[in-house]
2 protein chains.
Amino acid sequence: MKGLGELERSIMDILWAQSTALTAREVGRLIADRDLAPTTVMTVLDRLTRKGFLHRTRDGRAWRYAPAATRDAYVAELMLEALDMTGDRSAALTRFAQGVSGPEAEILRRALTELEDE
Amino acid sequence: MKGLGELERSIMDILWAQSTALTAREVGRLIADRDLAPTTVMTVLDRLTRKGFLHRTRDGRAWRYAPAATRDAYVAELMLEALDMTGDRSAALTRFAQGVSGPEAEILRRALTELEDE
DNA sequence: GCGTAGTACTACGAGCTGTCGAGCACGCAT
DNA sequence: ATGCGTGCTCGACAGCTCGTAGTACTACGC
């Protein structure tokens, strides 16, 4: 897939947190703490779209941007991608299991159990 | 942490596959298919050391390089890092669980069960 | 003393990312 | 119709990383 840059991630975070599609201007307002030129936001939104992280639809003259996938899907994909890097997936998975906290292990266990039932 | 480049990963792969620490020359020989200048290999080994992926110890005039961590640990760390990126870890974990193949789910389940026993 | 192996330092081009400016188009108020 | 504000597209540039390598210095064996 490919990792995201600093600003790219911030913008994805904003869009992931939103339930509706936003225009560049709206994103710019939400990221106001960084005082970016409007074109900067547009450029990044454009690049994210080109990379497939966002979809955009027309709204009058403006575009509205929305995430192409949920953050969870993205994170899960990153994790699977990391997993693909190893020769010994079993060892890596075991390591990983040891690395998650107790409550999270519980969540994983539950998710796996549900899988089993299907 | 940070991702590795193409060549960096190839070199890590070689060192991970090896049980003993190697010199730059030896790594170069093992990666011969790419016909790299010896200095190229040295530079990359140096950068990997600087980044903390390798340790090196003197062997006469030469350095011997060995991975600072196992590949599994690295992969597991990448996975945990990805997981840290999300707000809703539970959702991401569930997604992830759905993404692993059947046999791998089994491995995970086993690893988690062992955890529970401790 | 000289060649060889090995090191450290420096460099350069490509690609990615953050950051914008310039220039063009369209619609609304005057 | 005229101009301001909004929004777009293109192009640009600087900083950093990575692949790739040359050069210059050093130490050891013959």
Side-chain angles (χ1 to χ4, degrees), chain A residues 1-16 20-68 74 78 81-82 85, chain B residues 1-16 20-68 74 78 81-82 85:
Chain A
M1 195 186 327
K2 195 62 191 118
L4 298 173
E6 173 79 28
L7 177 56
E8 290 177 334
R9 184 130 63 210
S10 301
I11 288 186
M12 285 307 294
D13 275 342
I14 286 175
L15 287 167
W16 270 322
T20 55
L22 299 183
T23 64
R25 171 159 300 263
E26 289 165 342
V27 171
R29 238 188 302 270
L30 287 173
I31 208 179
D33 47 322
R34 298 185 58 159
D35 192 35
L36 297 171
T39 49
T40 301
V41 177
M42 288 188 201
T43 301
V44 175
L45 286 169
D46 205 46
R47 297 215 265 239
L48 286 169
T49 304
R50 220 181 292 268
K51 290 195 214 170
F53 287 99
L54 299 176
H55 282 149
R56 65 184 197 176
T57 51
R58 276 288 179 193
D59 178 10
R61 279 168 296 156
W63 291 104
R64 289 201 163 271
Y65 295 86
Y74 171 60
L78 277 187
E81 205 174 286
M85 246 188 52
Chain B
M1 194 184 324
K2 195 64 190 113
L4 298 173
E6 172 78 29
L7 177 56
E8 290 176 334
R9 186 131 63 208
S10 302
I11 287 185
M12 285 308 292
D13 276 341
I14 287 175
L15 287 167
W16 270 321
T20 55
L22 300 183
T23 64
R25 171 160 299 262
E26 288 164 343
V27 171
R29 239 188 302 271
L30 287 174
I31 209 180
D33 47 322
R34 298 185 59 159
D35 192 34
L36 297 170
T39 49
T40 301
V41 177
M42 286 188 202
T43 300
V44 175
L45 286 170
D46 205 47
R47 297 217 265 238
L48 286 169
T49 304
R50 218 180 294 267
K51 290 193 212 171
F53 287 99
L54 299 177
H55 282 148
R56 65 182 197 179
T57 51
R58 276 290 179 191
D59 177 11
R61 277 168 298 156
W63 290 104
R64 288 202 165 270
Y65 295 85
Y74 171 59
L78 276 187
E81 202 174 289
M85 247 188 52

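Predicted, not measured: the structure shown is a model, and the values here were computed from it.
- Within 4.0 Å (heavy atoms only), A:Arg9 reaches no atom of the nucleic acid at all.
- Going from atom CD of B:Glu8 over to atom P of D:dC16 covers 17 Å, rounded to whole Å.
- Between D:dA21 and B:Thr40, a contact under 4.0 Å exists linking OP1 or OP2 to a side-chain N or O.
- Residues B:Leu36 and B:Leu7 meet the side-chain proximity criterion, which asks for heavy atoms closer than 4.5 Å.
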Just the atom pairs and distances: protein N or O near nucleotides 6-10 of chain C's N or O, under 3.5 Å.
unit_1	atom_1	unit_2	atom_2	d
C:dG6	OP2	B:Arg25	NE	2.3
C:dG6	OP2	B:Arg25	NH2	3.4
C:dT7	OP1	B:Trp63	N	3.0
C:dA8	OP1	B:Arg56	NH2	3.0
C:dA8	OP1	B:Trp63	NE1	3.3

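- Atom-to-atom, CG of A:Asp35 to P of C:dT19 comes out at 10 Å; the value is rounded to the nearest Å.
- B:Leu36 places its CG atom 10 Å from the P atom of D:dG19, with the value rounded to the nearest Å.
- The two residues B:Val27 and B:Val41 have their closest heavy-atom pair at CG1-CG1, 3.9 Å.
- In this structure, A:Asp59 places its CG atom 13 Å from P of C:dG27, rounding to the nearest Å.
- Contact check for A:Asp46 versus A:Arg56: side-chain heavy atoms found under the 4.5 Å cut-off.
- Considering every non-hydrogen atom in both A:Ala82 and B:Leu78, the closest pair reads CB-CB, 3.8 Å.
- Taking the nucleotide of DNA chain C with the nearest heavy atom to each of B:Arg47 and A:Leu4, the more 5' of the two is matched to B:Arg47.
- For C:dT17, one of the phosphate oxygens OP1 or OP2 lies less than 4.0 angstrom from a side-chain nitrogen or oxygen of A:Lys51.
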Exercise for review: Begin from the C-alpha positions of B:Tyr74 and A:Met85 and carry the test side chain to side chain contact (heavy atoms under 4.5 Å, CB included) through to its verdict.
Suggested key: CA-CA 10 Å; B:Tyr74 171 59; A:Met85 246 188 52; 3.2 Å; yes
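- Among the heavy atoms of the strands lying under 4.0 Å from B:Gly3 are primed sugar atoms or P, OP1, OP2 only; no base atom is included.
- Taking 4.0 angstrom as the limit, A:Arg34 places a side-chain polar atom (N or O) nearer than this to OP1 or OP2 of C:dT19.
- Distance A:Leu7 CG to D:dC16 C1': 16 Å, rounded to the nearest Å.
- Comment: A:Asp13 does not engage A:Arg9 in a salt bridge, judged by the lack of any side-chain N to carboxylate O separation of less than 4.0 angstrom.
- A heavy-atom distance below 4.5 Å is found between the side chains of B:Arg58 and B:Trp63.
- The nearest whole Å value for the distance from the CG atom in B:Leu45 to the C1' atom in D:dG19 is 13 Å.
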